[in-house]
Every structure is written in C-alpha cells, then in structure tokens.
Amino acid sequence: MAPSATTESVGDVIVPVTKGAEKKEEIEHVHGGEGKTPLEAISHGSLVHPGIPTFSSHAEHRKHILIHTAAVFRDFSRKGFTEGMSGHISVRDPEFPEYIWMNPLGKHFGLMTAGDLICLDVQTGKVVGGNKTRCANAAGFLIHSEIHKARPDVHAVCHAHTNAGRAWATFGKGLEMLSQDICYLYDSIAVYNSYGGIVFAEEEGRNIAKSLGSKNKTAILLNHGLLSVGATVDEAGFLFGLLDRGCAIQLQAEAACAGNPALKKQVVSDEEAAYNFKMASEPNILYAEAQPDLEFEFAMAGEGVIEKGIEGMGIDEEFR
C-alpha cells in the first residue's frame with residue numbers, strides 16, 4: 001500500500017482510502033424488529049423488559065407519579081441542571097387532568113420529596129392540593145399551564161436552564177442527528193426563535209406552547225434554556241437529559257470542525273434516523289430508559305427519603 005494511503009473499517013470490510021479520494025463502498029443495512037414492540041425488540045430471552053406500570057386506583061397512580069417526579073428532580077440535580085430558583089417540572093394528576101403538580105419555588109432539586117409538590121388548577125392557577133407551606137414558581141406555571149392546555153397528550157413538562165442548553169440556544173438552531181441517541185428526537189425538536197424576557201405573562205407562555213407545536217417532544221428556547229414533554233414524567237425527564245447532551249455534543253462537534261476544517265460531520269440519514277425514532281422513542285421504552293437513573297436516586301437517598309410526605313398528598317375535598 002502506498003505511504004499516502006490509510007485504511008478504514010466499514011462494517012466488516014477494510015477499505016483502502018487514498019488521500020484526495022472518496023470512499024465508494026456501500027453497505028446494505030437491514031433493519032430488524034419488524035412485528036415487535038420496541039421493548040420486545042430490545043429484550044433478549046424469554047422475558048420482556050417492563051414498560052409503564054398500571055394501577056388499581058387513581059390514588060396509587062398519584063403516589064407513583066409524585067414519587068417519580070421527586071426522583072426526576074434529584075436526577076436533574078445530579079446532572080447539574082440547577083440554576084438558583086430556575087427550573088420546573090409539571091405532571092398531570094391522573095384523576096383530574098385539569099390539575100397539575102409542580103415543584104415549590106426555591107426548593108433545591110437535590111432535596112425534593114414527594115411531599116414537597118404543589119397541585120395547581122391549570123386554568124386558574126389556584127392551589128388545589130398538596131404542599132401549602134411554599135409558593136409555586138409563577139413563570140413556571142405560566143409556561144407549563146399553557147403547554148398542558150395546548151397539548152392534551154402531554155402529561156409531563158420539564159424545563160431548566162442548563163449550561164450546554166443555554167450555550168446552544170444562543171444560536172437559535174435545532175440539532176443535527178449526529179449520533180444514534182439523538183435520533184430518539186428525530187423531527188421532534190422545536191426552536192422558539194424569539195426571546196421575550198422572564199415569563200411573567202400568559203402571552204409569552206402561549207408563544208412557547210405554540211412554538212412546541214402539536215407533535216414535538218422538545219424545544220430549544222432562544223437565550224433561555226431547554227424544554228421537554230412526555231407521556232410520563234419519566235419520559236419527559238429522560239428526553240430532557242438527552243436534549244441537553246445533544247446540545248453538548250453539537251457544541252463539541254462544531255468546535256472540532258472550527259479547529260480543523262478538514263473534519264466533516266457525518267449526519268445520520270433521514271431513513272436511519274426515522275427508524276431509530278420508531279424503535280426507541282415510544283412511551284413505554286422511554287419510561288424504561290429513565291429507570292436506571294431513577295433507581296440510582298432511590299438507592300442513594302435511602303429507603304423512604306424521596307417518598308417522604310406522600311401519604312398526605314391529594315386533591316383538597318372542595319376541588320374534587
């Protein structure tokens with residue numbers, strides 16, 4: 001082989017690559033998993049990995065949601081998604097979908113328990129249950145309530161001001177499909193390309209909800225931060241982290257290309273990205289994706305810590 005040549009591995013094929021020449025080797029990709037659910041496709045053996053659990057009562061379902069919401073907050077803290085009092089997560093009540101549960105203003109994500117959460121009427125903002133010792137975040141309610149009103153399919157919304165998210169949000173651009181994982185958000189990342197200051201008006205909340213659209217799972221908010229939604233708080237939390245890591249990877253790739261113009265990004269094709277989305281961005285598998293990190297939070301907190309206060313949590317009788 002000439003000294004100017006190198007080799008590259010394409011699948012199981014070693015392809016000689018000479019300087020100035022382009023690779024022509026084409027590999028045929030065969031997709032599997034036809035006729036299977038995403039969880040069936042990823043599970044090897046006689047068992048199928050569990051997805052979203054079911055409950056015998058609204059009360060048991062509510063307990064599960066509030067405990068997992070508190071665990072998602074703790075996971076956000078561990079990943080560095082905190083910034084003073086900024087950031088909020090909301091989740092619909094399973095019995096009264098016009099009510100949402102949110103975190104109290106100023107409570108550190110890493111200390112959140114199920115008993116800290118506040119239940120609010122999505123239409124009026126009135127406190128209808130849960131924690132009465134602290135106030136909610138007004139800006140958070142104005143954003144989340146408008147999304148819940150505009151998207152009946154959305155059961156949970158996450159928003160925070162992360163470092164990578166805010167850095168990439170300065171460009172007002174979406175993300176390229178640079179890796180297998182970010183394809184879970186293929187054709188599902190909205191960009192709110194206008195900055196209207198701290199959200200203290202319903203109109204700005206509506207603008208953000210409108211930018212999210214009818215099908216997107218995440219949004220990049222110009223000069224602001226990131227937002228995700230999901231069928232469960234587990235899904236929304238996992239997708240939020242995925243979006244943040246996608247921003248970090250995009251920033252790193254852009255920096256590498258700027259430092260070495262010879263580098264060219266290889267973006268996942270629409271066909272492959274759409275296949276990944278189909279097989280990895282369904283509510284049950286996204287719920288399952290979140291569980292390892294949440295199980296870690298339960299183990300690190302110790303028995304009963306994240307669940308603290310759950311027995312007294314519910315909707316006040318006058319609002320039922």
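Cluster membership for I220 and V199, using ILVMFWY side-chain heavy atoms within less than 4.5 angstrom, is not shared. No chain of hydrophobic side-chain contacts below 4.5 Å, direct or via other Ile, Leu, Val, Met, Phe, Trp or Tyr residues, connects F55 to I65. Taken together through direct or relayed side-chain contacts under 4.5 Å among Ile, Leu, Val, Met, Phe, Trp and Tyr, F141 and W101 form parts of separate hydrophobic clusters. In the hydrophobic cluster analysis, where Ile, Leu, Val, Met, Phe, Trp and Tyr join through side-chain heavy atoms closer than 4.5 angstrom, F76 is grouped apart from Y287. M177 is connected to Y184 through a chain of hydrophobic side-chain contacts under 4.5 Å among Ile, Leu, Val, Met, Phe, Trp and Tyr, so both are in one cluster.
One distance of note links CD1 of I100 with CG of D93; it measures 11.0 Å at 0.5 Å rounding. Going from atom OH of Y195 over to atom CG of L221 covers 10.5 Å, rounded to the nearest 0.5 Å. H64 NE2 to T69 OG1: the interatomic distance, rounded to the nearest 0.5 Å, is 9.0 Å. Atom CE of M112 sits about 13.0 Å away from atom CG of D75, to the nearest 0.5 Å. To the nearest 0.5 Å, the span separating CD1 on I285 from OG on S43 amounts to 7.5 Å. Separation of atoms NE2 (H159) and CZ (F240) is listed at 7.5 Å; rounding is to 0.5 Å.
Y186 meets the side-chain hydrogen bond (donor to acceptor under 3.5 Å, both in side chains) test with D270; sequence neighbours excluded. Scanning for side chain to side chain contact (heavy atoms under 4.5 Å, CB included) contacts around Y275 gives H31, M279, with sequence neighbours left out. The side chain to side chain contact (heavy atoms under 4.5 Å, CB included) test applied to P152 returns no partner, not counting sequence neighbours. Taking H68 as the reference, D234 meet the side-chain hydrogen bond (donor to acceptor under 3.5 Å, both in side chains) condition, with sequence neighbours excluded. With sequence neighbours excluded, the residues forming a side-chain hydrogen bond (donor to acceptor under 3.5 Å, both in side chains) with N131 are T133, listed by chain and number. Checked against side-chain hydrogen bond (donor to acceptor under 3.5 Å, both in side chains), E235 has no partners two or more places apart in sequence or in another chain. Residues satisfying the side chain to side chain contact (heavy atoms under 4.5 Å, CB included) test with E202, not counting sequence neighbours, are L142, E146, R206. By the salt bridge (charged side-chain N to carboxylate O under 4.0 Å, His left out) test, E272 is found to be paired with no residue, residues two or more places apart in sequence or in another chain being considered.
Side-chain contact between L175 and L243: present, with at least one pair of heavy atoms (C-beta onward) separated by less than 4.5 Å. In this structure, F319 and Y99 have side chains that are in contact, with non-hydrogen atoms separated by less than 4.5 Å. With a 4.5 Å cut-off on side-chain heavy atoms, E95 and I315 do not count as touching. Within the 4.5 Å cutoff, the side chain of C247 has heavy atoms near those of the L226 side chain. Using a 4.5 Å heavy-atom cutoff, the side chains of L185 and K217 are in contact.
Between H88 and H144, the ring-plane angle classifies as perpendicular under the 30° and 60° cut-offs. Taking the six-membered ring where the residue is Trp, W168 and F171 present tilted rings, their angle falling between 30° and 60°.
Between L286 and the options I52, L239, T232, a side-chain contact (heavy atoms from CB on, under 4.5 Å) holds for only L239.
Counting only distance, with no hydrogens or angles, the side chain of R92 and the backbone of V154 share a donor-acceptor pair below 3.5 Å. Between the side chain of Y192 and the backbone N or O of H224 there is no donor-acceptor pair closer than 3.5 Å. Side chain of D116 to backbone of T113: a donor-acceptor contact under 3.5 angstrom is found. Looking at S228, its side chain never comes within 3.5 Å of a backbone N or O of T218 through a donor-acceptor pair. A donor-acceptor pair under 3.5 Å is absent between the side-chain atoms of R134 and the main chain of I118, judged by distance alone. Distance alone, capped at 3.5 Å, is enough to place a donor-acceptor pair between the N103 side chain and the I89 backbone. For the pair S145 (side chain) and Q123 (backbone), a donor-acceptor distance under 3.5 Å is absent.
K132 has a carboxylate O that lies under 4.0 Å from a charged side-chain N of D316, or vice versa, which qualifies the two as a salt bridge.
A salt bridge (Lys or Arg N to Asp or Glu O under 4.0 Å) check over residues 32-43, counting only residues at least two apart or in different chains, returns nothing. Residue pairs meeting the salt bridge (Lys or Arg N to Asp or Glu O under 4.0 Å) criterion with at least one member in residues 285-296, sequence neighbours excluded, are K79-D293. Applying the salt bridge (Lys or Arg N to Asp or Glu O under 4.0 Å) test to residues at least two apart or on different chains, the pairs with a partner in residues 171-182 are E176-K265.
Shown here is L222, whose CG atom has more than 12 heavy atoms of other residues, nucleotides or ligands within 6.0 Å. Surrounding CD1 of I198 are at most 12 heavy atoms belonging to other residues, nucleotides or ligands under 6.0 Å away.
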Please set out all donor-acceptor pairs under 3.5 angstrom arising from side-chain atoms of residues 298-311, sequence neighbours excluded.
| from | atom 1 | to | atom 2 | distance (Å) |
| --- | --- | --- | --- | --- |
| E307 | OE1 | G304 | N | 3.3 |
| E307 | OE1 | V305 | N | 3.4 |
| E311 | OE1 | K63 | NZ | 3.2 |

